[in-house]
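Before any comments, here is the structure.
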Amino acid sequence: MEADSNTQETRNMKKNAVLVDGVVLNGPIIDSHAGEKFVDEVYRMLMNEVIQKATDVSEKVCEWQEPEQLKKILDLNLKENGESHQKLLQLCRNAIKYSVKTSHPRFFNQLYAGMDHYSLAARFITEALNPSVYTYEVSPAFILIEEAVLMKMIEFLGWKEGDGIFSPGGSVSNMYAVNLARYNHCPDIKEKGLSQAPRLVMFTSEECHYSMKKAAAFLGIGTHNVYFVKTDDRGKMIPQELEKQVERANEEGAVPFLVIATSGTTVVGAFDPLDEIADICKKHNLWLHVDG
């Protein structure tokens with residue numbers, strides 16, 4: 001009885017949000033008990049339908065539907081009012097049922113590697129805590145975890161010290177790299193902008209990731225100033241062709257500043273010859289970025 005009383009008291013405390021002029025200052029704006037029940041049921045659904053069944057070779061990789069039919073099944077009309085508890089659960093079931101099971105033993109794609117249960121549990125924790133990792137005060141545990149991971153990665157490179165940043169994907173990572181290279185070559189751009197900057201040219205393999213041109217467009221370098229270097233029959237950048245492109249840019253009066261090599265191209269998995277490319281970069285004082 002005492003335990004039941006404490007549970008009820010906790011629920012009542014959660015519902016007693018502080019209101020000032022009708023604005024909720026603390027506490028949930030929905031029924032916490034109902035919300036917790038919903039999370040519990042969705043968790044059980046994930047365990048059964050995703051973690052267990054979706055990794056079972058006897059189950060389907062995907063319950064395929066054509067787009068128009070799937071729109072009807074998922075009920076994608078955004079309504080003015082919310083949905084009931086049971087309707088929301090059904091929407092979750094449908095989203096799972098008609099999704100590709102990327103951890104299935106018979107799902108093959110170059111961007112996936114099956115399910116890591118321990119990493120999945122870590123993601124549950126980060127989603128539940130919803131941390132913003134920018135100061136120790138607001139995210140003490142994850143700040144220290146981030147530093148530890150970065151230091152281990154720096155050790156892999158053979159460095160004693162350094163710094164790093166995690167980014168959401170390859171496109172943003174490559175954009176960071178282009179920005180760093182440009183700042184290294186023309187630091188005044190940071191404060192004075194592009195108005196007095198020279199015509200900068202960057203070089204990359206013709207088998208490179210599409211984000212190279214996107215980075216040039218976003219950063220104001222211009223896609224025409226991305227010079228693509230020919231590759232051999234295995235998709236690797238040809239160093240002699242890189243040398244020719246650098247000479248071409250110099251003859252045009254442009255300023256070469258960056259070479260982006262690739263370790264594992266998207267289509268064929270080619271690795272550019274980094275040592276030879278690095279020698280050319282050193283010769284012409286170019287920043288070398290490797291897109292892994």
Side-chain angles (χ1 to χ4, degrees), residues 109-111 153-154 156-159 162-292:
N109 187 284
Q110 72 271 23
L111 300 179
M153 296 175 72
I154 288 166
F156 289 151
L157 297 174
W159 298 344
D163 204 349
I165 185 171
F166 290 100
S167 60
S171 291
V172 172
S173 298
N174 287 324
M175 192 179 304
Y176 285 157
V178 175
N179 190 54
L180 280 171
R182 185 177 67 178
Y183 178 75
N184 178 71
H185 206 87
C186 301
D188 288 347
I189 287 179
K190 179 178 179 180
E191 294 182 350
K192 297 180 179 178
L194 297 171
S195 60
Q196 298 179 8
R199 179 190 159 211
L200 297 172
V201 171
M202 52 190 275
F203 310 88
T204 189
S205 157
E206 60 186 6
E207 296 291 334
C208 74
H209 193 259
Y210 66 86
S211 60
M212 308 311 173
K213 288 182 70 174
K214 182 165 46 172
F218 280 9
L219 293 171
I221 293 168
T223 57
H224 287 174
N225 293 318
V226 181
Y227 285 14
F228 294 101
V229 181
K230 291 181 180 179
T231 58
D232 61 20
D233 56 1
R234 298 183 65 183
K236 300 187 294 182
M237 183 190 293
I238 302 172
Q240 294 80 3
E241 294 296 327
L242 171 61
E243 187 83 58
K244 291 179 183 178
Q245 291 284 35
V246 174
E247 292 173 358
R248 169 195 162 194
N250 285 326
E251 290 171 359
E252 293 172 350
V255 178
F257 77 105
L258 166 67
V259 175
I260 300 178
T262 307
S263 286
T265 58
T266 307
V267 179
V268 299
F271 283 70
D272 291 336
L274 300 183
D275 288 342
E276 296 174 69
I277 293 172
D279 290 340
I280 294 172
C281 290
K282 186 175 182 179
K283 174 183 175 182
H284 294 281
N285 192 30
L286 303 174
W287 182 284
L288 175 59
H289 169 61
V290 181
D291 175 30

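Keep in mind that what you see is a predicted model, and the values were worked out from it rather than measured. Below, all heavy atoms of this structure are taken into account, side chains as well, without hydrogens, waters or symmetry copies. We're numbering straight along the sequence, starting at 1.
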With distance as the sole test, does [X] use its side chain to make a donor-acceptor pair with the main-chain N or O of [Y] at under 3.5 Å?
X	Y	result
His209	Ser211	yes
Glu241	Thr231	no
Ser205	Met237	no
Thr223	Ala217	no

[X] [atom1] to [Y] [atom2] distance, which is reported to the nearest 0.5 Å:
X	Y	atom1	atom2	value
Ile154	Asp163	CD1	CG	6.5 Å
Ile221	Asn179	CD1	CG	8.5 Å
His289	Thr262	NE2	OG1	8.5 Å
Asn225	Leu219	CG	CG	12.5 Å
His185	Leu286	NE2	CG	7.5 Å

**OP:** Could you tell me whether Glu251 and Arg248 have a side-chain N and a carboxylate O separated by less than 4.0 Å?
**Re:** no
**OP:** Go through the side-chain N and O atoms of Ser167 and Ser173 and say whether any donor and acceptor fall under 3.5 Å apart.
**Re:**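 Ser173 and Ser167 do have a side-chain donor-acceptor pair below 3.5 Å.
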Subject >> Min side-chain heavy-atom separation Lys230-Gln245 under 4.5 Å >> reply: no
Original post:
Is His284 close to Pro256 at the side-chain level, that is, under 4.5 Å between some pair of heavy atoms?
Top reply: no
Original post:
Picking from Leu258, Asn174, Val178, what satisfies side-chain contact (heavy atoms from CB on, under 4.5 Å) with Met212?
Top reply: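 Passing option: Asn174.
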Subject >> Flag if over 12 foreign heavy atoms under 6.0 Å of CG, Asn109 >> reply: yes
Original post:
With Arg234, which residues qualify under salt bridge (charged side-chain N to carboxylate O under 4.0 Å, His left out), at least two apart?
Top reply: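 By the salt bridge (charged side-chain N to carboxylate O under 4.0 Å, His left out) rule, Arg234 matches no residue at all.
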